[in-house]
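To start, the structure itself, in structure tokens.
Letters A, B, ... are given to chains in the order of the sequence lines, protein chains preceding strands, and every chain is numbered from 1.
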2 protein chains.
Amino acid sequence: MSVNILIVDDESDVREMVAFTLKRQGFRILAAEDSKSALEKLGEILPDLILLDWMLPDISGVDLARRLKGDERYEDIPIIMLTARSEEDDKIRGLDAGADDYITKPFSPRELGARINAVLRRSAPNLGKDIINVNGLALDQKGHRVRTHDAEINLGPTEFKLLQFLMAHPDRVFSRTQLLDRIWGSNVYIEERTVDVHIRRLRKALEPVEYDRMIQTVRGAGYRLSAEE
Amino acid sequence: MSVNILIVDDESDVREMVAFTLKRQGFRILAAEDSKSALEKLGEILPDLILLDWMLPDISGVDLARRLKGDERYEDIPIIMLTARSEEDDKIRGLDAGADDYITKPFSPRELGARINAVLRRSAPNLGKDIINVNGLALDQKGHRVRTHDAEINLGPTEFKLLQFLMAHPDRVFSRTQLLDRIWGSNVYIEERTVDVHIRRLRKALEPVEYDRMIQTVRGAGYRLSAEE
DNA sequence: ATATTTTGTCATAATTCTGTAACGCAGCTG
DNA sequence: CAGCTGCGTTACAGAATTATGACAAAATAT
């Protein structure tokens, strides 16, 4: 599965360098030059991770981070702060604002890649696995199969992709828009409520084995697959 | 029966040594001296495994690995990295890039063989065997015969290769494109729907012995041979 | 050279899947 | 409690995808 990363930095040099480096490592890159356009981008596409410059022309990176972490729709997206200075104090404030990690400029491509992978491993532990297992429900990505220990579950293409996505990111809430972007594709125009219907179909398929309770509705925010009961 | 291995290394000594060793162990060897020619080779033939040197003159082995693992066409080919140093850090980066295993130079022929077999066992458990047996259906790769315990099944050449491939990779879904690439050859232009027809012919041939149910359709994804019922 | 198989494509039938709309209930707000 | 918004459900017709049988060309065998 391709990993989307949003880089927010006002210096185009930095943006380009990072984009070049990360593209070569197989990531898909989105870029924004300030907080305002970052928020716009977030409205369209949901990235898997955000690289956020400490200093930005409009809203500071720290404030943006705090704001994102306070928004139910974005709170689960990991953030790595980019900072020019390496003061202890900054680090603390950054992590305080909700950043998951931080890295001081200048940094090497290798270090950046390593940090990103480390953070991703924490936030989407199932992304690369062949078989995702959440609480007894096993999804075989290569075999395109879903089963519990004693029953096989039949899903249509969309329901499979939906469950696959949710299981790859357990315990995270996704809005209908985000699900449409990530599962249907970003340039498709489809009614938001259609997601409800597919959620319904997925739940129905999981009902016989009582796993439908894992698919939870978060009113006003979207849906989530819960790892525990 | 014959397992193809691609060795990518810029030192001809290493290439020759590895080729010699592995040929004697019954593998068929392809060689490339840099990433560019490796990609060219991959355009012609899809090997069953790739041995990749860490350091290459053009694109580094790590980057090539990442690139291959990001390409749907090659992502399933297991990669073993060859590295001169044995630093822990390298190992991590290698596995991070998608390598399935790694081995440090210099290595013994025996160790190389063992690693290759271990990796192949995971990705294609039946590949090397003379007779593949899945759930009572036996396919003799050398004798080009297929039989159940009490009946022999007659297949045309294409159906045989199709069944052979599917039985070598049980419980995995393959898209029509993948099947065309790996059974018909990489640079043949054939209608995708043609695969359906051959699947149909294969099923028909397996019907009398009730083994047609093993060949399953996965809507929107491709076909799969299921090991269990 | 002739008979027999095998192959790739089509056209058509048979299935399965999808996105919407519509209706009703649940939860929150004031 | 009334009103509003969000969500769950169902039904359905149109789309997509797959199954199947027929056929002519190509390849093999006799």
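- Sorted by first then second residue, the ring pair (Phe, Tyr, Trp, His ring centres under 6.0 Å) pairs that include residues 136-159 of chain A, not counting sequence neighbours, are A:His144-A:Phe160.
- When the side chain to side chain contact (heavy atoms under 4.5 Å, CB included) test is applied to B:Ile131, the partners found at least two apart in sequence or on another chain are B:Ala138, B:Asp140.
- Atom CG of B:Asn154 and atom C1' of C:dT4 are 14 Å apart (whole Å).
- B:Ile29 places none of its side-chain heavy atoms less than 4.5 Å from the side chain of B:Phe20.
- For the 3.5 Å distance criterion, the side chains of B:Arg172 and B:Gln178 fail to qualify, holding no donor opposite an acceptor.
- Each end of the helix from C:dA1-D:dT30 to C:dG30-D:dC1 gets its own axis from five base pairs, and the two axes differ in direction by 30°, given to 10 degrees.
- When rounded to the nearest whole Å, the span between CD of B:Glu191 and C1' of C:dG8 equals 9 Å.
- The side-chain heavy atoms of B:Val134 and B:Asn126, taken from C-beta on, include a pair separated by under 4.5 Å.
- At least one side-chain nitrogen or oxygen of A:Trp184 sits closer than 4.0 Å to the OP1 or OP2 atom of C:dG19.
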Just the table, please: protein N/O against nucleotides 26-30 of chain C N/O, every pair under 3.5 Å.
none

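- A:Leu202 has its CG atom 15 Å from the C1' atom of C:dT18, to the nearest Å.
- When heavy atoms are screened at a 4.0 angstrom cut-off, B:Glu192 is found touching no nucleic acid atom at all.
- Rounded to a whole Å, the NZ atom of B:Lys161 is 12 Å from the C1' atom of C:dT6.
- The 5' end of DNA chain C is approached more closely, in terms of each residue's nearest nucleotide, by B:Leu155 than by the other of B:Leu155 and B:Thr194.
- As a whole-Å value, the separation of B:Glu159 CD from C:dT5 P is 14 Å.
- Remark: P of C:dG19 and CG of A:Leu180 are 9 Å apart, rounded to the nearest angstrom.
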Going 5' to 3' along nucleotides 19-30 of chain D, which nucleotides have protein heavy atoms under 4.0 Å from the base (write B), which only from the sugar-phosphate (write S), and which from neither (write -)?
SSBB--------
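- Listed by chain and number, the residues in a side chain to side chain donor-acceptor pair (under 3.5 Å) with A:Arg28 are A:Ser2 (sequence neighbours excluded).
- At whole-Å resolution of the value, CD1 in B:Ile190 and P in C:dT7 are 10 Å apart.
- A:Ile116 places none of its side-chain heavy atoms less than 4.5 Å from the side chain of A:Val3.
- Of all non-hydrogen atoms in A:Val209 and A:Ala151, the two that sit nearest each other are CG1-CB, 4.0 Å.
- Looking only at atom types and distance, the side chain of A:Arg145 has a donor-acceptor partner in the side chain of B:Ser226 under 3.5 Å away.
- Comment: B:Lys69 engages B:Asp100 in a salt bridge, judged by a side-chain N to carboxylate O separation of less than 4.0 angstrom.
- Counting non-hydrogen atoms of neighbouring residues, nucleotides and ligands closer than 6.0 angstrom, the CD atom of B:Glu44 exceeds 12 such neighbours.
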